[in-house]
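Worksheet for the structure shown next.
Throughout, a chain's letter reflects where its sequence line sits, starting with A, and its residues are numbered from 1.
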Number of protein chains: 2
Amino acid sequence: MSSVLTKTKPSRAIAPQSWLDTIIKGDCVAALEALPDHSVDMIFADPPYNLQLGGALHRPDQSLVDAVDDEWDQFASFEAYDAFTRAWLLACRRVLKPTGTLWVIGSYHNIFRVGATLQDLHFWILNDIVWRKTNPMPNFKGRRFQNAHETLIWAAPNAKHKGYTFNYDALKAANDDVQMRSDWLFPICSGSERLKDENGQKAHPTQKPEALLARILMASTKPGDIVLDPFFGSGTTGAVAKRLGRHFVGVEREQAYIDAATRRIAAVEPLGKATLSVLTGKKAEPRVAFNVLVESDMIKPGTVLTDARRRHSAIVRADGTLASGGEAGSIHRLGARVQGLDACNGWTFWHYEDEGALKPIDVLRAKVRAGLEKLA
Amino acid sequence: MSSVLTKTKPSRAIAPQSWLDTIIKGDCVAALEALPDHSVDMIFADPPYNLQLGGALHRPDQSLVDAVDDEWDQFASFEAYDAFTRAWLLACRRVLKPTGTLWVIGSYHNIFRVGATLQDLHFWILNDIVWRKTNPMPNFKGRRFQNAHETLIWAAPNAKHKGYTFNYDALKAANDDVQMRSDWLFPICSGSERLKDENGQKAHPTQKPEALLARILMASTKPGDIVLDPFFGSGTTGAVAKRLGRHFVGVEREQAYIDAATRRIAAVEPLGKATLSVLTGKKAEPRVAFNVLVESDMIKPGTVLTDARRRHSAIVRADGTLASGGEAGSIHRLGARVQGLDACNGWTFWHYEDEGALKPIDVLRAKVRAGLEKLA
DNA sequence: GATGTGGGTGAATCCACTC
DNA sequence: AGAGTGGATTCACCCACAT
């Protein structure tokens with residue numbers, strides 16, 4: 001397979017269509033060398049939870065960590081897990097766009113190490129998210145609380161880039177018009193959604209529910225974006241990405257998982273374009289400058305504007321600024337000034353008189369925007 | 001004060017009654033030298049979170065958010081925070097009985113580092129617990145999910161000792177006979193419970209709710225046990241311990257907090273054997289948002305909804321919003337919009353077709369709620 | 001007294017774009 | 001790239017006070 005390439009020439013030669021919507025076979029770090037720098041919009045990672053349970057733990061060099069309960073060796077295994085985590089996180093950041101974000105899911109066995117490593121590498125945590133399970137496995141021995149949740153971390157590749165995708169308005173509208181919280185409630189993946197192998201056994205031990213991935217993708221990607229899953233497993237990320245009109249790239253080491261995921265994704269019907277458009281809010285609307293209203297004579301120079309209670313007033317000047325009591329400035333600056341505040345939205349603060357009633361100048365802006373839409 | 005003693009003779013000479021049910025003034029690590037080895041049954045720690053805040057944050061109404069910018073929360077680097085964490089954790093383990101347990105609370109700013117350090121020091125994590133807040137502060141800028149929870153870690157001092165206290169049956173009985181989960185729901189501390197200073201301002205910026213501490217103490221201690229809080233602050237741990245018939249030891253650096261906590265605890269009436277309505281806390285709220293139906297595939301994107309008389313229609317989009325004739329929004333907003341009203345209950349207004357009959361989408365919500373009732 | 005209204009506030013890593 | 005500026009942005013609860 002093409003998963004191991006020279007490090008000196010990280011594969012810009014490879015055309016996107018060679019890896020887009022495919023599963024690359026190989027170890028996560030090596031396989032990611034097949035992807036160019038800054039080529040994916042979002043990453044969802046469900047890394048091995050490993051540790052104390054005696055499962056196999058591989059060092060980055062692929063050697064197997066000898067599981068011993070000797071204290072020193074346990075320390076060594078934490079170090080090995082941390083090195084593994086650093087390696088795949090660095091590989092992920094290279095292929096992630098500066099405006100992209102990374103999601104990781106884990107349990108208390110590994111999530112603290114992953115989170116600390118993220119911070120050490122100067123990823124910038126945006127939220128930690130709790131997936132509350134409606135139907136978690138009970139605790140059988142009655143010596144602990146029922147482990148009823150897993151933790152996700154959502155992070156940007158560094159603290160500076162604030163341009164990441166977050167579909168705030170759509171999430172809020174879908175959530176009964178209140179903003180989405182950091183605690184989510186979903187059932188675990190079971191029943192017909194759970195992938196079975198030819199023997200009727202579950203095909204993958206940690207298959208995640210599609211609803212969880214759907215919320216993640218709807219929150220932090222746009223239609224057409226490229227989503228990378230470096231621990232592809234049963235391919236939930238790919239299946240949901242295809243259904244929601246996003247592209248995917250998967251990395252997976254085991255052929256049996258690749259086969260199962262390939263079949264699964266082939267059966268997915270993508271949703272139509274009309275159902276995929278994302279609700280946007282005011283921030284996405286075109287800018288309209290106040291002087292446009294003056295220039296187009298919707299507000300004449302000399303007009304007196306007031307606040308809703310007529311406690312403050314200002315006069316519109318021909319250059320699109322306001323003046324009041326020796327002060328002058330933009331509708332925002334002067335609105336702030338007359339109230340003694342640092343900031344003010346002049347569009348909603350200032351009102352004009354129309355047939356005896358006070359109306360915010362924002363209604364005039366809305367008219368301008370409506371006119372612009374016909375042009376578009 | 002007696003907080004700094006020689007390291008060579010760690011104070012076994014000090015009789016318990018000299019520190020039991022008192023607040024030791026001083027730095028956490030130094031002050032703990034006043035306590036003998038293996039002398040406390042449980043530790044609750046609310047360490048500085050190391051928030052890294054930027055500039056001032058204003059609410060939409062321009063009011064200023066009162067940020068936690070205290071000196072004690074400032075650290076030069078992650079390395080410095082880690083060193084601090086190691087030091088107090090080691091000091092805590094020395095004074096903790098082998099059968100005791102340790103609780104730490106934090107947010108995503110610090111909890112991953114604390115958890116990783118716990119593991120590095122061979123503490124044995126028993127659970128991570130999520131405190132879901134009923135009334136968290138909103139996200140004001142709409143660039144992240146509302147940060148609606150904090151995380152606690154419950155750990156034994158090492159993997160070997162299994163004799164820690166966990167009152168499984170009492171918790172289960174208090175929880176409608178189902179075992180207590182790892183996600184807890186409590187309001188933040190406010191109102192009359194919130195300690196005020198002489199100016200009516202909050203006495204401590206991060207006072208924790210008594211209900212949270214009550215559940216922790218009821219879960220992991222027995223009456224008469226000794227509970228240590230190395231970051232005593234406003235003394236919630238002490239107040240709850242006294243009320244529930246446990247002993248406490250606090251460590252606190254600032255005299256103002258010591259004074260406030262002392263007065264607070266003095267006013268606490270210990271409970272007799274009367275019980276614990278606090279224990280159950282709030283039940284999970286049954287609110288179900290529309291996107292849950294979409295994410296769980298009960299309503300597929302592309303489905304057409306109508307009102308009961310089929311006079312209006314709208315299409316369900318994958319983001320959990322509705323669209324109709326160029327307009328889009330939540331089920332409530334769009335319901336209002338198509339009727340020309342200010343408000344509308346989308347749950348009862350919009351209908352879907354089921355076997356030829358129109359049914360309000362509220363029946364689907366009822367189904368979800370029925371499934372959730374097991375959780376409540 | 002019951003009800004309604006307006007104001008305050010909580011561990012927060014909280015803007016985007018142009019020049 | 002750093003400064004300047006337009007202008008978008010909140011949920012649940014408690015309390016004081018008015019009706």
Item to complete: Only one of V104(A), N158(A), L118(A), T117(A) passes side-chain contact (heavy atoms from CB on, under 4.5 Å) with F123(A); say which it is.
Response: L118(A)
Discussion item. With a 4.0 Å limit, can you tell me whether K283(A) has a side-chain N or O closer than that to the phosphate oxygens OP1/OP2 of dT9(D)?
Written reply: no
Worksheet item: Do any side-chain nitrogens or oxygens of Y168(A) fall under 4.0 Å of OP1 or OP2 in dT10(D)?
Response: yes
Worksheet item: Rounded to the Å, how far apart are L64(B) CG and dT10(D) P?
Response: 18 Å
Worksheet item: What integer number of Å spans the C1' atoms of dA1(D) and dA16(C)?
Response: 15 Å
Worksheet item: Got a sec: does the CG of D342(B) have more than 12 other heavy atoms crowding it under 6.0 Å?
Response: no
Worksheet item: Given the C1' atoms of dA11(C) and dG7(C), what is the spacing between them in whole Å?
Response: 23 Å
Practice prompt. Check whether any side-chain nitrogen or oxygen of K133(B) sits under 4.0 Å from OP1 or OP2 of dC11(D), and answer yes or no.
Written response: no
Practice prompt. Looking at every strand, decide which applies to G335(A) at a 4.0 Å heavy-atom threshold: base, sugar-phosphate, or nothing.
Written response: nothing
Discussion item. I want to confirm an ordering. Mapping G163(A) and I125(A) to their closest nucleotides on DNA chain C, which one lands closer to the 5' end?
Written reply: I125(A)
Practice prompt. Return no unless some side-chain N or O of R287(A) is found under 4.0 Å from OP1 or OP2 of dC17(C).
Written response: no
Discussion item. Could you check whether Y164(A) and W154(A) have their ring centres less than 6.0 Å apart?
Written reply: yes
Discussion item. dG8(C), OP1 or OP2 - any side-chain N/O from R194(B) closer than 4.0 Å?
Written reply: no
Item to complete: Determine the contact category for V65(B): base if any of its heavy atoms lies under 4.0 Å from a base atom, sugar-phosphate if only primed atoms, P, OP1 or OP2 are that close, otherwise nothing.
Response: base
Discussion item. Could you tell me how far apart L185(B) (CG) and dC13(D) (C1') are, to the nearest whole angstrom?
Written reply: 14 Å
Worksheet entry | Side-chain N,O (K141(B)) to OP1/OP2 (dA12(C)) below 4.0 Å | no
Worksheet item: Counting any heavy atom closer than 4.0 Å, what does W72(B) reach on the DNA or RNA strands: base, sugar-phosphate only, or nothing?
Response: base
Discussion item. At 4.0 Å (heavy atoms only), tell me whether P47(B) reaches a base, stays on the sugar-phosphate, or touches nothing.
Written reply: base
Practice prompt. Could you check whether D46(B) gets within reach of a base, just the sugar-phosphate, or nothing at all, counting any heavy atom under 4.0 Å?
Written response: base
Practice prompt. Name the residue closer to the 5' end of DNA chain D, choosing between G191(B) and H58(B) according to the nucleotide with the nearest heavy atom.
Written response: H58(B)
Worksheet item: For N139(B), which contact category applies under a 4.0 Å heavy-atom criterion: base, sugar-phosphate, or nothing?
Response: base
Practice prompt. Could you tell me whether K208(B) contacts a base, only the sugar-phosphate backbone, or nothing, with contacts defined as non-hydrogen atoms closer than 4.0 Å?
Written response: base
Practice prompt. Taking only the side-chain heavy atoms of Q179(A) (C-beta and beyond), determine which of dG10(C), dT9(D), dC11(D) contains the nearest atom.
Written response: dC11(D)
Practice prompt. Side chain of D66(B) only, please: which of dC11(D), dA12(C), dG10(C) is the nearest?
Written response: dG10(C)
Response to the item:
The nucleotide from dC14(D), dC14(C), dA8(D) with an atom nearest the side chain of F140(B) is dC14(C)
Worksheet entry | Pair K172(A) + D169(A): basic N to acidic O under 4.0 Å | no
Practice prompt. Find the distance F290(A):CZ to dG7(D):P and express it as a whole number of Å.
Written response: 11 Å
Worksheet entry | Proximal nucleotide (of dG6(D), dT9(D), dA12(C)) relative to the R333(A) side chain | dG6(D)
Discussion item. Would you say that N167(A) contacts L279(A) through its side chain, given a criterion of any heavy-atom pair below 4.5 Å between the two side chains?
Written reply: no
Item to complete: Have a look at E193(B) and say if it touches a base, only the backbone sugar-phosphate, or nothing, with a 4.0 Å heavy-atom cut-off.
Response: nothing
Worksheet item: Just how far, in rounded Å, is P of dC14(C) from CG of D169(A)?
Response: 19 Å
Practice prompt. Take atom CH2 of W154(A) and atom P of dA12(C), then tell me their distance rounded to the nearest Å.
Written response: 18 Å
Discussion item. Can you tell me if T134(B) touches the phosphate of dA12(D), counting only side-chain N or O atoms and a distance under 4.0 Å to OP1 or OP2?
Written reply: no
Worksheet item: Looking at dC13(D), dA11(C), dT10(D), which one has an atom nearest to any side-chain atom of D73(B)?
Response: dA11(C)
Worksheet, complete the sentence: Per atom distances to the P60(B) side chain, the nearest of dT9(D), dC14(C), dA8(D) is dT9(D)
Worksheet, complete the sentence: Closest to the side chain of L51(B), out of dT9(C), dA11(C), dA12(D), is dA11(C)
Worksheet item: Of the nucleotides dA8(D), dA11(C), dT10(D), which has the atom closest to the N345(A) side chain?
Response: dA8(D)
Discussion item. At 4.0 Å (heavy atoms only), tell me whether T206(B) reaches a base, stays on the sugar-phosphate, or touches nothing.
Written reply: base
Worksheet item: Given Watson-Crick or G-U pairs with both distances under 3.5 Å, what dot-bracket string fits DNA chain C, with | for other-strand pairs and [ ] for crossing?
Response: .|||||||||....|||||
Discussion item. Side chain of K162(A), heavy atoms from C-beta onward: which of dC11(D), dA16(C), dG10(C) has the nearest atom to it?
Written reply: dA16(C)
Worksheet item: Between H332(A) and dG7(D), is there a side-chain N or O to OP1/OP2 distance below 4.0 Å?
Response: yes
Practice prompt. Using a 4.5 Å cut-off on heavy atoms from C-beta on, say whether the side chain of L171(A) contacts that of F166(A).
Written response: yes
Fill in: Nearest-Å distance for atom pair NE2/C1', residues H161(A) and dA16(C)
13 Å
Worksheet item: Should the pair F186(A) and W184(A) be assigned to parallel (<30°), tilted (30 to 60°) or perpendicular (>60°) ring geometry?
Response: perpendicular
Item to complete: Give L126(A) one of three labels, base, sugar-phosphate or nothing, depending on what nucleic acid heavy atoms sit under 4.0 Å from its own.
Response: nothing
Discussion item. Suppose you measure atom C1' in dG8(C) against the same atom in dT10(D); what distance do you get, rounded to whole Å?
Written reply: 13 Å
Practice prompt. Looking at every strand, decide which applies to A159(A) at a 4.0 Å heavy-atom threshold: base, sugar-phosphate, or nothing.
Written response: nothing
Practice prompt. For nucleotides dG6(D) and dC14(C), find the distance between their P atoms and express it as a whole number of Å.
Written response: 23 Å
Item to complete: Would you mind reporting whether R113(A) and T85(A) have side-chain heavy atoms less than 4.5 Å apart?
Response: no
Worksheet item: Are F231(B) and W72(B) near enough that their ring centres are under 6.0 Å apart?
Response: no
Fill in: Sugar-phosphate, base or nothing in reach of S330(A), heavy atoms under 4.0 Å
sugar-phosphate
Practice prompt. Would you kindly check whether a donor in the side chain of R59(B) faces an acceptor in the base of dG10(C), or vice versa, at under 3.5 angstrom?
Written response: yes
Worksheet entry | Pair R181(A) + D183(A), salt bridge at N-O below 4.0 Å | yes
Response to the item:
The answer to which of C189(B) and N50(B) contacts DNA chain C further toward the 5' end, by nearest nucleotide, is C189(B)
Worksheet item: How are the rings of F75(B) and Y81(B) set relative to one another: parallel (under 30°), tilted (30 to 60°) or perpendicular (over 60°)?
Response: perpendicular
Worksheet entry | E71(B) CD - dA11(C) P separation (whole Å) | 20 Å
